[in-house]
Number of protein chains: 2
Amino acid sequence: MESRDDMSPFVRKLRHGARLTEDDEAILTRLAEPLHRVERGDILPEGTEARSIVLIVEGWACRYKQLENGQRQITSFFVPGDLCEPFGAVPALTDHTLSALTPVRLARVAPHAARSAAGASSRVEEALWWDLLLADAIGREHMVNLGRRSAVERLGHFFCEMHLRLEMVGLVDQSSYDIPLTQAELADLFGLSAVHVNRSLQELRGSGFLSLRDRRITIHNVGALRELSMFDPAYLSLQHRVRT
Amino acid sequence: MESRDDMSPFVRKLRHGARLTEDDEAILTRLAEPLHRVERGDILPEGTEARSIVLIVEGWACRYKQLENGQRQITSFFVPGDLCEPFGAVPALTDHTLSALTPVRLARVAPHAARSAAGASSRVEEALWWDLLLADAIGREHMVNLGRRSAVERLGHFFCEMHLRLEMVGLVDQSSYDIPLTQAELADLFGLSAVHVNRSLQELRGSGFLSLRDRRITIHNVGALRELSMFDPAYLSLQHRVRT
DNA sequence: CGGACTCTTGATTGCAGTCAACTAAAGTGG
DNA sequence: CCACTTTAGTTGACTGCAATCAAGAGTCCG
């Protein structure tokens, strides 16, 4: 049995969603095998038929939609431990592109495997549903970001969110973590132009909220940044309970 | 057995997601009982514990988040046949408010009931997952709307989307349907101000794309409106297939 | 009849986009 | 090994879409 720190990020993450036994964790670990490597770039282009669910084990990925007029909107980000589709997804044509933002190690989970894992243990089932609800909650918050927050607030909110998401899988050191994204990618995430992302970042740096150099961010005052960006961590900690 | 037209909107909708037998439809019909009525206003405020999943049978509802600074963002719309949460949702504190935009008739589905319906028939299971994926796809498209489309495009896209969603449950007559929303509500959906929604609507009316009076919309040229707003119906018709 | 909504219109403001130029770093190939 | 290209980040000038502020009209309702 692996030590707690060696566990896959997927298992580490799902521990937040249900009280897992060793058997449960073994089931989940088996789901995340075998590993594949992919380079930076599209993994599943739009219109491809998805026959398996991608689970990110290492690296960052995103899902985006490309518009006819050349614009792009990133709709979600994936970090180690994240499932890129709902665990019960039916094989279907994708309406979006799944893309690796860095070289990625991933596992391809067959839909029937994920469902039967849920059937094998009610705690695994709870954990998988918890993970799905978490992804939804992140998506909703992203909509609020896009619709109602200013550029600086969007950036601040995102950095707060990634801080907690990465902490769940042990990828945060103090208040700093790697963030392998270009400003253009951030722009496509926030629905802004790259130029404006640049200026907003400078504002956040200039006001002392954070440092961002060489693809690593350090948040100097988490409380202040959360207040600035109206970040309420509640949506990331959907509390779990044993099913009755 | 009810005739095809009398079926609940939920069953009508899920028929698009899987080939249901009469037994399957009976299972789904039973899920949508008994009915409750609620008046216009919040159904489940943020922070409430959701112990059941709301299914809209008649009327319109939405989910929104309220920001500290008074702004509001609607993250999703629900019309008859829509499940307001993933069907396997765990009882948990909600991070958003579910609100009735009109008087609503709804059913409260117990999570275990939804899951056991899925367990009872693989076709029902497929249909429920299809519905969940559809809701996700709608959410992604909403993000694209918020992030990358102009005000006029957002409105146009939404009208095209509702046209198809309502058609699925038989609520469209020709190219016109009831749309019981104020301009302020549309503004909170699109991340715009009510004033700007008003002006954008006038632009759409003035250019002859649609009429909107007395809470009823008529789209005069669906093709033209789709082109204007870069609406691609593909995301709403995730094709289904029998699980292997 | 007053009050609350909803819709409309005008005037002004401001956040973010676009265009453009420049630097620096990093990869590529002859 | 060094031109050449590409990518990422930065800065300035200007533009424009949408927000804000404000006021008025029509409707519904108690």
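In what follows, every chain begins at residue 1, and chains take the letters A, B, ... in the order their sequences are listed. Atom set for the values below is all heavy atoms of this structure, side chains included, hydrogens, waters and symmetry mates excluded.
The side-chain hydrogen bond (donor to acceptor under 3.5 Å, both in side chains) test applied to A/D136 returns no partner, not counting sequence neighbours. Looking at residues two or more places apart in sequence or on another chain, you find no ring-ring contact (aromatic ring centres under 6.0 Å, His included) involving A/F10. Remark: B/S99 engages B/D42 in a side-chain hydrogen bond (donor to acceptor under 3.5 Å, both in side chains) (not counting sequence neighbours). Residues forming a side-chain hydrogen bond (donor to acceptor under 3.5 Å, both in side chains) with B/D131 (at least two apart in sequence, or on another chain): B/K13.
Chain B approaches DNA chain D within less than 4.0 angstrom (heavy atoms of the protein), and the contacting nucleotides run 5' to 3' from D/dA18 to D/dC21.
With respect to the salt-bridge test (charged N to carboxylate O, under 4.0 angstrom), the residues A/K65 and B/E141 qualify. Using a 4.0 Å cut-off between a side-chain N of Lys or Arg and a carboxylate O of Asp or Glu, A/E185 and A/R40 qualify as a salt bridge.
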Take nucleotides 10-27 of chain C nucleotide by nucleotide from the 5' end and write B, S or -, depending on whether a protein heavy atom sits under 4.0 Å from the base, only from the sugar-phosphate, or from neither. BB----BSBB--------
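For the residue pair A/Y177 and A/E167, no side-chain donor N or O sits within less than 3.5 Å of a side-chain acceptor on the partner.
Applying the side-chain hydrogen bond (donor to acceptor under 3.5 Å, both in side chains) test to every pair with at least one member in residues 203-213 of chain A, sequence neighbours left out, gives these pairs: A/S211-A/H220. For residues 215-230 of chain A, the set of pairs meeting the salt bridge (charged side-chain N to carboxylate O under 4.0 Å, His left out) definition, not counting sequence neighbours, comprises A/D178-A/R216. Legend: ring pair (Phe, Tyr, Trp, His ring centres under 6.0 Å) pairs involving residues 179-207 of chain A, not counting sequence neighbours, sorted by first then second residue: A/F158-A/F190.
Two end axes, each from the C1' atoms of five base pairs, can be drawn for the helix from C/dC1-D/dG30 to C/dG30-D/dC1; they diverge by 40°, to 10 degrees.
A/V152 places a side-chain heavy atom less than 4.5 Å from the side chain of A/L228.
Contact check of residues 202-219 of chain A against DNA chain D (heavy atom, cut-off under 4.0 Å) returns A/Q202, A/R205, A/R215.
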Side-chain donor-acceptor contacts of residues 73-80 of chain B below 3.5 Å, not counting sequence neighbours, with atom names and distances?
unit_1 : atom_1 : unit_2 : atom_2 : d
B/Q73  : NE2    : B/D188 : O      : 3.2
B/Q73  : NE2    : B/L189 : O      : 2.9
B/T75  : OG1    : B/R63  : O      : 3.4
B/S76  : OG     : B/R63  : NE     : 3.1
B/S76  : OG     : B/R63  : NH2    : 3.1

